[in-house]
K.L.:
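Sharing a structure, written as structure tokens. Questions coming.
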2 protein chains.
Amino acid sequence: MNKEIKKSDFVQSLEKGLNVINAFDMDHEQMTLSDVAKKVDLTRANARRILLTLQHLGYVTSLDGKLFSLTPKVLSLGYSYLSGLPFRELAQPYMQELAKEINESCSMSVLDNSDIVYIARVHTKRIMTISLGVGTRLPAHATSMGKVLLASMDPMEAAKLIGQMKFEELTPFTLSKNAFIQHLDVVRKQGWAISDQELEIGVRSIACPIRDKKGKVIAAINISGHASRVTLEDLVKKYLSALKDKVEKIEHALINL
Amino acid sequence: MNKEIKKSDFVQSLEKGLNVINAFDMDHEQMTLSDVAKKVDLTRANARRILLTLQHLGYVTSLDGKLFSLTPKVLSLGYSYLSGLPFRELAQPYMQELAKEINESCSMSVLDNSDIVYIARVHTKRIMTISLGVGTRLPAHATSMGKVLLASMDPMEAAKLIGQMKFEELTPFTLSKNAFIQHLDVVRKQGWAISDQELEIGVRSIACPIRDKKGKVIAAINISGHASRVTLEDLVKKYLSALKDKVEKIEHALINL
DNA sequence: TACTTTTGTTTGATATTAGAACATAAAATT
DNA sequence: AATTTTATGTTCTAATATCAAACAAAAGTA
């Protein structure tokens, strides 16, 4: 099914370079040339040339010539994309209000193949172990936002995408592919979706789509909280109306844009 | 002054590919192959190969095969960097409190050469002058955060960096290089800095550094507002203490990390 | 210290990629 | 509809990039 690409139309050095950038993460903030070579599966010679190139371009820095790390300049890459989403900035204040009112986290995401990708996030809790920040990817099939985003797609396209998805069973509550497909009809009708510990035990969330002035769904927004504080009933009886209210305000603000 | 790099240690296809990603921005959300070639100064053949490569890797998409645009996957690149800054997520709730309390914007940034780069931002106003989002770069010499960040550097290194900087006169209030250098001593002593319409007429801000447990400055945080609402006196008499209070809390939270 | 292992650098043969020129297709203009 | 203009796709040789392997330099270890 994957579109074939002619070998001569593929720039492998670019792929390798991007892989090197992605190789840096929380647990690999600093790496030597050899670390990178191992992690990205390159020869050391190749890893070296790529790192020197990235360093020369200012995406990577090295204090001592041994340990390399990314510079803030890599943000310019990711944020080339975000700057194309003006509604994101616009929605942020409303998301803050919402998070504050209900004292739970509020997030916005878009779909990228079988994952949702966070494009904005507001959390109120200080405890917050580690970061589901902007750019984080989660499997669409187990999240409330994934459900509303898939439900809003052209049914044919959605079916195709779902066909390729893996439906990993992340918790005992994660839906099977068949259950998911059936459930999607409900989501389409009601206009919102819930994930009840389908992604992770202890996490519940409810999501709505956000539409542009033409009615096209451009993102999803959700409220999520810990099951110990948030019952299923809370989600539907208390949070849904708050969420809908903010969505309405965001969509209204979107008209004058 | 620029470090020389041997030609054989530079991967030009990687540079070109990164330039292509950066070519997409708010005013160029969608581009044809030829648009890209023109903007990045590539041959069409080359632009084509790079776009097909990026598409194959999922960083770029094209609905019709003509117009290309970035996908959320490019966020993974920037996210590689942000995930290496755990203090960022940790500080966000405090920044939200601060922005809420004083009803003005609050931002966090780090230095990248002669620019500051936003790594977190909270704004309360809905009116939105539009997006100084994460990843935005501003010239360090005209910003309060740039001042505290430069003031916290090793003086030799700072001097070297300042020597290379251009000190563009963005408003009549922008400091000259000499005035800036002198002013930096004051900033070093007092531990905070102001920018009074030095970046843009009508914008005032005050900034403090944030230090890790070893006392090393890892970022700057500021409050900024419009001159019509925020006087210079407000900044020092009202906002400085609020800012310091949050910085203290953030630094305290940083200890248990 | 000397020995071993790991890491970084260089080199020359092979494979990939770029650019120029040309071919085709689509859009715009008449 | 025909013509012109512009954009896109293809091909082929020159220029680049890769690999493997040898070499050099550090960093560990005994």
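All values below come from the heavy atoms of this structure, side chains included, with hydrogens, waters and symmetry mates left out. In what follows, chains are A, B, ... by sequence order, proteins preceding strands, each numbered from 1.
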K.L.:
Taking atom C1' of C:dT7 as reference, at what distance in whole Å does atom CD of A:Q30 sit?
P.N.:
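So the two atoms are 17 Å apart, to the nearest Å.
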K.L.:
With each end axis built from five pairs of C1' atoms, what bend angle do you get for the helix from C:dT1-D:dA30 to C:dT30-D:dA1? Round to 10°.
P.N.:
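The angle, to the nearest 10 degrees, is 40°.
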K.L.:
Quick check for you: to the nearest 0.5 Å, what is the distance between B:L54 atom CG and B:R49 atom CZ?
P.N.:
13.0 Å
K.L.:
Identify which one of B:V217, B:I116, B:V148, B:V117 satisfies the side chain to side chain contact (heavy atoms under 4.5 Å, CB included) criterion when paired with B:L111.
P.N.:
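By the side chain to side chain contact (heavy atoms under 4.5 Å, CB included) criterion, B:L111 pairs with just one of B:V217, B:I116, B:V148, B:V117: B:I116.
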K.L.:
Find the distance between CD (B:E29) and CG (B:L67) and round it off to the nearest 0.5 Å.
P.N.:
11.0 Å
K.L.:
From CG of A:N46 over to P of C:dT17, roughly how many Å is that when rounded to an integer?
P.N.:
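The distance from CG of A:N46 to P of C:dT17 comes to 11 Å, rounded to the nearest Å.
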K.L.:
Mind checking the NE2-CD spacing from A:H123 to B:E89? Nearest 0.5 Å is all I need.
P.N.:
5.0 Å
K.L.:
Expressed in angstrom and rounded to an integer, what is the separation of A:N19 atom CG from D:dT18 atom P?
P.N.:
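Atom-to-atom, A:N19 to D:dT18, this comes out as 13 Å.
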K.L.:
For the pair made of CG in A:D41 and P in D:dA20, what is the distance, rounded to whole Å?
P.N.:
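From A:D41 CG to D:dA20 P: 10 Å.
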K.L.:
Could you go over nucleotides 8-16 of chain C and give all protein N or O partners under 3.5 Å, atom names and distances?
P.N.:
unit_1	atom_1	unit_2	atom_2	d
C:dG8	OP2	A:S34	N	2.9
C:dG8	OP2	A:S34	OG	2.5
C:dG8	N7	A:R44	NE	2.8
C:dG8	N7	A:R44	NH2	3.2
C:dG8	O6	A:R44	NH2	2.7
C:dT9	OP2	A:R48	NE	2.6
C:dT9	O5'	A:R48	NE	3.4
C:dT10	OP2	A:R48	NH2	3.3
C:dT10	OP2	B:K6	NZ	3.1
C:dT16	OP1	A:K7	NZ	3.3
C:dT16	OP2	A:K7	NZ	3.3

K.L.:
With rounding to the nearest 0.5 angstrom, report the CG to CG distance, B:N19 to A:L57.
P.N.:
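One finds 7.5 Å between CG of B:N19 and CG of A:L57.
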K.L.:
The criterion is ring pair (Phe, Tyr, Trp, His ring centres under 6.0 Å); which residues satisfy it with A:F167, sequence neighbours excluded?
P.N.:
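Applying ring pair (Phe, Tyr, Trp, His ring centres under 6.0 Å) to A:F167 gives A:H141, A:F180.
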K.L.:
Quick check against the 3.5 Å criterion: does B:R121 have a side-chain atom that pairs as donor or acceptor with the backbone of B:G133?
P.N.:
no
K.L.:
Say you draw a straight line from CG of A:L199 to CD of A:E168; how long is it, rounded to the nearest 0.5 Å?
P.N.:
10.0 Å
K.L.:
How many Å lie between CG on A:L42 and P on C:dT7, as a whole number?
P.N.:
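Result: 15 Å.
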K.L.:
Check the distance between D:dA7's P and B:L51's CG and give it to me in whole angstrom.
P.N.:
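To the nearest whole Å, that distance equals 15 Å.
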K.L.:
Just verifying a value: how many Å separate B:I50 CD1 and B:S13 OG, rounded to the nearest 0.5 Å?
P.N.:
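So the gap between those two atoms works out to 7.5 Å.
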K.L.:
Is there a side-chain contact between A:T43 and the phosphate of D:dC19, meaning an N or O under 4.0 Å from OP1 or OP2?
P.N.:
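Affirmative; the distance criterion is met.
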K.L.:
Within this structure, what is the CG-to-P distance between A:L14 and C:dT17, rounded to whole angstrom?
P.N.:
10 Å
K.L.:
Find which nucleotide of DNA chain C each of A:K38 and B:I50 is nearest to by heavy atoms, and output the residue with the more 5' nucleotide.
P.N.:
A:K38
